[in-house]
Structures are given as C-alpha cells and as structure tokens.
Number of protein chains: 2
Amino acid sequence: MGENTADQNSLSKRPTKVTIQDVARSLNMTKGTVSRALNNYGDIAAETRARVRAEADRMGYVPMALAQAIRTGRAKSIGLVIQEDELGGFAPFLADFLAGVSTAASKSGWTLTVATANTMDGVLEVQSRLISERKADGFILPRSRVSDPRVDKLVQANVPFVVFGREPKGIQCDWFDVAGEDAMHDAVSRLVKFGHSRIGFLKAGEDYVYSGLRERGYVQGLASAGLPFASELVAKDVMTLEQGSIAARKLLSLEVPPTAIVCSVDRAALGVYRTASEAGMEIGKDLSVISYDGIPEGEFAVPALTTYSVNRRHAGTRLTQILIDRIRNSDAEAFLELVPAQLIERASDGPPRCSSADLAKLWHTSFN
Amino acid sequence: MGENTADQNSLSKRPTKVTIQDVARSLNMTKGTVSRALNNYGDIAAETRARVRAEADRMGYVPMALAQAIRTGRAKSIGLVIQEDELGGFAPFLADFLAGVSTAASKSGWTLTVATANTMDGVLEVQSRLISERKADGFILPRSRVSDPRVDKLVQANVPFVVFGREPKGIQCDWFDVAGEDAMHDAVSRLVKFGHSRIGFLKAGEDYVYSGLRERGYVQGLASAGLPFASELVAKDVMTLEQGSIAARKLLSLEVPPTAIVCSVDRAALGVYRTASEAGMEIGKDLSVISYDGIPEGEFAVPALTTYSVNRRHAGTRLTQILIDRIRNSDAEAFLELVPAQLIERASDGPPRCSSADLAKLWHTSFN
DNA sequence: TTTGTTGCCGAAACCGGTTTCGAGTGTAAG
DNA sequence: CTTACACTCGAAACCGGTTTCGGCAACAAA
C-alpha cells in the first residue's frame, strides 16, 4: 500500500465522480461490456456480470442519469405542473400528494420534476418546455378538465401521461380517481336517514370532470331515496369559501330552504359555516353539512366538518406507478383505477332540529 | 415544394425533435459553430450569430438540457428534499413555497426536482442519489438545524446549497431567513402594551436553528420591557397541536399562570386553544395568544389567531435566486438575507380580562 | 512583397453513457 | 475431423450537445 492508495481512502470523498470508464479500466474491460453487464444484457456471462456488479458497487459507481438519457431518451423523471390559481384547492393536499409521487418514483429510480404556472396557458408553456428540454418523460395531470388542453397537447406530442380524475371528454387514457360520485350519493343517503328531505347541493366549477360526476351522485342519491330533484337547490361554480358563503345565502333565502347541504369541496363548506353563523344557525343542528376532500381545516372548524376524505398520498403513489408502467410499455391497455373516498364522521351533520319553514323564519328574522 | 415538404408541415407535429445538427445542416454550417453562436462565443461574427439565432427559432430548436449537462456538468436543476415527518409543519406553506421556487427557477431556464423521505437518514440518502445521478446541481435546505447533517454532506461533496433559516452552528454558507426573533420580541412588547406582565413562551424543537433565535427574541422582549425572566414559563419542544395543548396545560396549572402565551409556531397555538377551551377560558380575553407562521387554519380558528406571517413564496423566490447565483459563481461572497415577518392582527390577543390569580382559580375549578 | 495580427469558422475531440456489429472461443452435431 | 452454433466479449459507432485547436482569409505593419 503506497501513499496513493492511502490518499484515495482518506478524507477527500470522491473529489471527482467515478465513471463507467473507471470501472471498466479497473476490470480490464471495455465500458461497453460494463454497461451491458450492468443492464442485464443476455450476452454477458453470469460470472462476469457478478464481477462487474461487485466492482461497480465497491467503487461506488452510480450511472449519471443525464448521460443515459441522451442515448435512451429517458430522463427517468416524471413531470408535475401545478396551476397556481387553483392552488387554493390543491394546497392542503400537495404535501401528501408529493410524498406519494416522490417515494413511488424513487422506488423505481425515477425523480420528480415540478413546475408551477399561474394560468392554463402558462401551464401549457412550461409543459412544452419540459418536453422540449426532455426534462420529463411523462406527466401527471392533476384535476382533469372536461375539455383539457393539457391532454390535447400531450397526445399530439405523443408524450405519456396519466390524469388524476376521470378522463376528459372524448379521450381515452390512463387515469386514477376517487369515486366522488359514490361519496355524494352516500352523503345524501346518510342525510335522508337522519330525516332530511330537502337537501341542497353545491356544485364545483363546470369545467372540472369531477364536478359533473359529483352532481350525478347527488342526483342519484335523491332518486334512490325517492326524493324529487329541485334545481333551485343546486348552486353552481362554488369552490371557494367566499363562493360557498354566497351560495349558502342563496339556498337559505329560498322560500323553502334546505335543512342540509352537500358540498362538492370542503372550502365551500367552510363558506356555508360562515353564512350559517351570520344567520344564527347552528351547524349540525339547524343545518347539516356534509362535504368532500378532507382538508385539515375541517377538523378544526366548529363544529368539526363531516367529510369524505381522499387519500392523496396513495393517489400520488398509484398515479406514478401507472405512469411509469405506461412509459415502459407504451402499448399496454389503458390503466384505469377507481378507489372509494373514506367517510370521516364528525359533528356537522345530524337530525334536523327544525323544519324548512322554521329555518326560513329564522333566516328572515336575522336579515330583515 | 414536393410531397416531402408538404408532409413536414402537415399534421404530424414534430414527430422527431429538431437537434442542433438539423439547424447546422439547414445553415450549411457545423454543429460546433451553431453551438458557439447560440452560446455567445466571441469568435462568431455578429451577422452569423443573428442568422443562426433566427434559423434556430424558425425551426423551433430547443437544446436538450440533458445533453448539455453531460458536457457542462450543469443539469440546470435545483434539488429540494422534504422530510415527511416534519411535513406537518411544512405542509401548509409548501404550495406557496414551491410556486416561488419554481417560477424563479423557470425564469432562469432551470427546473426544480423535488424528493421526499421520512427520516433524516432518508433525506441524506436521496440527496446523495440526486448528486450521484447529477439530477440536481444544488440544493435548497428547508429548516436548518443547529447541527445539520445535510449541510455536512454537501460541503464535503462540494455541492452548492442555500439554507432556509440561519446557518448551522460553525458553518458559513448562504442563507435566507425571516427574522423570527424580531417577531417574538415584538409580540412580547405588544402584549406588555396590552397590560400583560406574565407571559409564557412555547419553544420549538431544540435542534432547529430558528428555535433558539425565537427564544432569544422572547427573552429580549421581556428585558426591553423590564420584565423578569421565569424559566417555568417556558415550555420546550412544542411544535404540534398535541404538544401545544400539553404545554399549555403545564403553564396554566402553575401557581401563578401566564395571562398570555407566545408561541413559536401556529400549530402549537392551536393546541393552546384546545386546552383553553377545555378549561373554560376564552382566548383573547382570559388568555392572549400570539403566534408565528401564518398558516391558513389560523384564520378560521375561533377566535382568529394573531400571528406573524411569513411570505413563503418570496422566500422560495429569493432562495433559488441565491442558489443559482452561487452555482454560477462559486467563489462569490456569502449571500445572507434577512427579512421581517408580517404581523397579522386578529382576535387572539388583547388586554387581560383577569389577573393570574383569577386564572389560577378558574383553572382549578375546571379541573378539580 | 513579406510578416504579423486578428476575425471567423470547420474539424475533431470530448462528455458519459448505450447499442450494434463482428470476431474469437468452446462445444455439440454431422 | 469438419461444420454449425451458441456464448462471450472487444471495438466502434452513436446520442446531442460543448469546447479546443488549428487553418484560412483579410488586413495592417514593416
């Protein structure tokens, strides 16, 4: 052992990266052979393969992903572009979702590239950039739209993707989704069991695929219970606290107001809370609320919000697995996966304390 | 124009990417020349440079980032590794923070690679992987620790980074931080002005750099007000709602309980809320609470939480700018940036309604 | 005219990998 | 004892860029 070897083992941790050449030299082989051995080519003797593996490990060789990418065309990176203006709706889950995506990706040796933009046009732009620069091999698209320009662009460019949500209209593609419609249906049934017969619904934005599905769930819930559908009990385009508050005002000021309101998203439900409190109504007693999403604020709201919770981490995991499978095997059949939401029973729903007529009276004494 | 040209202009959008070779061929030059022209080398005639630029644009040429990386050593990607078990504290801001990072990166043609891990060891591992694979040129480290293994590893590997928070003990490096200590100082002053003289403090985990700073701010706030420091009024290691609740129980059960509590993090404050409500104390009246972070839940808590809010988006922006500057110029002087937190006055603080003695009585009637 | 410079660009090496091709073995079949 | 055929590996091209090197032309100085 001369001074040199001592030097290598000493403090200076890998001053310069170990390349495939270094490994090849150390084994008296060519780098091509090493590459094939490491990538399980059939024309390498088992014994050789093992030797190469061992030496590569010993030397701490890790292939530089970028260098592989240029030949293979795979950067082993999945893209996620987040639209900021709808971020309000996405923010609470983002962390969990990213954790799911990232760990699933990691497990296959992939990484996650995330970008944000504040408009849909911006999203399309950054998506294109990621594609052109080959920084992402495929995309996870959160919140599918009925007519989704992101999807159009990706199919056109022939770039793999998977949507979180049901597929856009007229498109066939991989997707993973949570059965929001079943949750809405179930929410109505639950309220009916409590004794409610006049049940309002806060629908989300028209262009989201999930919006129509959840509405259908609500409608079918009414039908299964033998309850009539009344269009005045449905408010559209309500996704924020503010909009929820306004929508609640509209529903509660009806001549025959609902004694319960089903909300497409938790934020809207919090808006209902605000309006109810202004009108002196007690949530869970005077007015029942059931919602969907499972945001953390719901737990601390007073009373705590009954809601159908979505496991975002699992969603992230499955979505990336599906995407990676798709990238590896571009002509497999479509992957479609639907999982149920989980009801979290808390305190915002229960038997109606009073009739619609009483509620109407209460409303008018509060505001006239 | 033969059939071929027609074909190229038709539907099939870029079936195959346009490379630098294509541009060179189209201009009757070598790819080397095109590359130098595009990268503003001095040995290219201005007129030629312009021609190349124009043709490259016309053809829609975008250099493949990964191919550049292998020669230049820059993937133009910044890494962010998030530790999940402390994600509870980070989650609410994550979206804003990512937006800041991503758009700042985008502006310079960089991208963001994010990964997660559930332990510090996991973080170190995935960090190493990103370095080995050259998927990240540098890192943003959220939440600096007093003794931070991530930093040790990065200095050792000579990989650029910037920390969100003050620098770890004994390290000199780039950082960006919000002056939590000033906020804590100010919180105490504010409470003193309200008439409080016995003020508790909920300190965060010992190993976070910010924890000690905020405590110092609290201590100095007391000093400026001429108030004595009492160690029994300080609870340590309280970062979650649960821990906040327990800590509040400890402080409020003192013989001379505080009439106000300053919290290092909002989640802890929400725990104080819970304990106060159990004890029949009204926050903002019987017990004042001022906190730090600005998480969204605080706005919906009852009463709404007075807190010092951190602009995470701006933090993300500045951090990436600093990091990119550092990567481009490795021997520039250290970048250090400290910005103030912004007070959001809400309803959780005010003049004390009763004395410490009264509070103690209230506490014991509630629980004995 | 000769000799330097300088400006500009082509040629070729290079980065760190992957993949194709073909040649040299050993072994089984004819 | 050939011949055919796997098996195994080296050699070299290739991926899409960047960077070094050197040569040619034009122009200035001698």
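In the text below, chain A, chain B and the rest are named by the order of the sequence lines, each starting its count at 1. Values below: every heavy atom of this structure, side chains too, minus hydrogens, waters and symmetry copies.
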What is the distance from CD1 of A/Ile44 to C1' of D/dA6, rounded to the nearest Å?
15 Å
Straight-line distance of A/Met59 CE to A/Ser26 OG, nearest 0.5 Å
4.5 Å
Could you check which of D/dG10, C/dT18, D/dT8 has an atom nearest any side-chain atom of A/Asn39?
C/dT18
A/Gly32 or B/Arg71: which one's nearest nucleotide on DNA chain D is closer to the 5' end?
A/Gly32
Quick check: on DNA chain D, is the nucleotide nearest B/Gln21 upstream (toward 5') of the one nearest A/Glu47, or the reverse? Name the residue that is more 5'.
A/Glu47
Rounded to the Å, how far apart are A/Gln68 CD and C/dC15 C1'?
14 Å
Is A/Tyr41 close enough to D/dT8 that one of its side-chain N or O atoms is under 4.0 Å from OP1 or OP2 there?
no
Distance under 6.0 Å and angle within 45° of the ring axis: does A/Arg312 meet both against A/Phe93?
yes
Can you check the A/Asp43 CG to D/dC9 P distance for me, whole Å?
8 Å
Distance, nearest 0.5 Å, that separates CG of B/Asn158 from OG of B/Ser330
8.0 Å
Considering just the side-chain nitrogens and oxygens of A/Thr48, establish if one lies under 4.0 Å of OP1 or OP2 belonging to D/dC9.
yes
Between A/Lys76 (side chain) and A/Thr111 (backbone), is there a donor-acceptor pair under 3.5 Å?
no
Measure CD1/B/Ile70 against P/D/dC14 and give the value in whole Å, please.
16 Å
Nearest whole angstrom, please: distance from the P of C/dG7 to the CZ of B/Arg49.
13 Å
If you define the side chain from C-beta out and look only at heavy atoms, does anything of A/Arg51 sit under 4.5 Å from A/Met29?
yes
Nearest whole angstrom, please: distance from the C1' of C/dT19 to the CZ of A/Arg74.
16 Å
From C-beta outward on A/Ser35, which listed nucleotide comes closest to its side chain: C/dT19, D/dT18, D/dG17?
C/dT19
Any B/Thr33 side-chain nitrogen or oxygen under 4.0 Å from OP1 or OP2 of C/dC8:
no
Selection from D/dG17, C/dC8, D/dA13 that lies nearest to any side-chain heavy atom of B/Pro63:
D/dG17
Which whole-number value in Å describes the distance from A/Arg36 CZ to C/dT20 C1'?
9 Å
A/Asn28 near the nucleic acid: base, sugar-phosphate alone, or nothing, with a heavy-atom cut-off under 4.0 Å?
sugar-phosphate
In whole angstrom, give the distance that lies between atom CZ of A/Arg25 and atom C1' of C/dG16.
12 Å
Starting at the 5' end of DNA chain C, which residue's closest nucleotide do you reach first, B/Thr30 or A/Met64?
B/Thr30
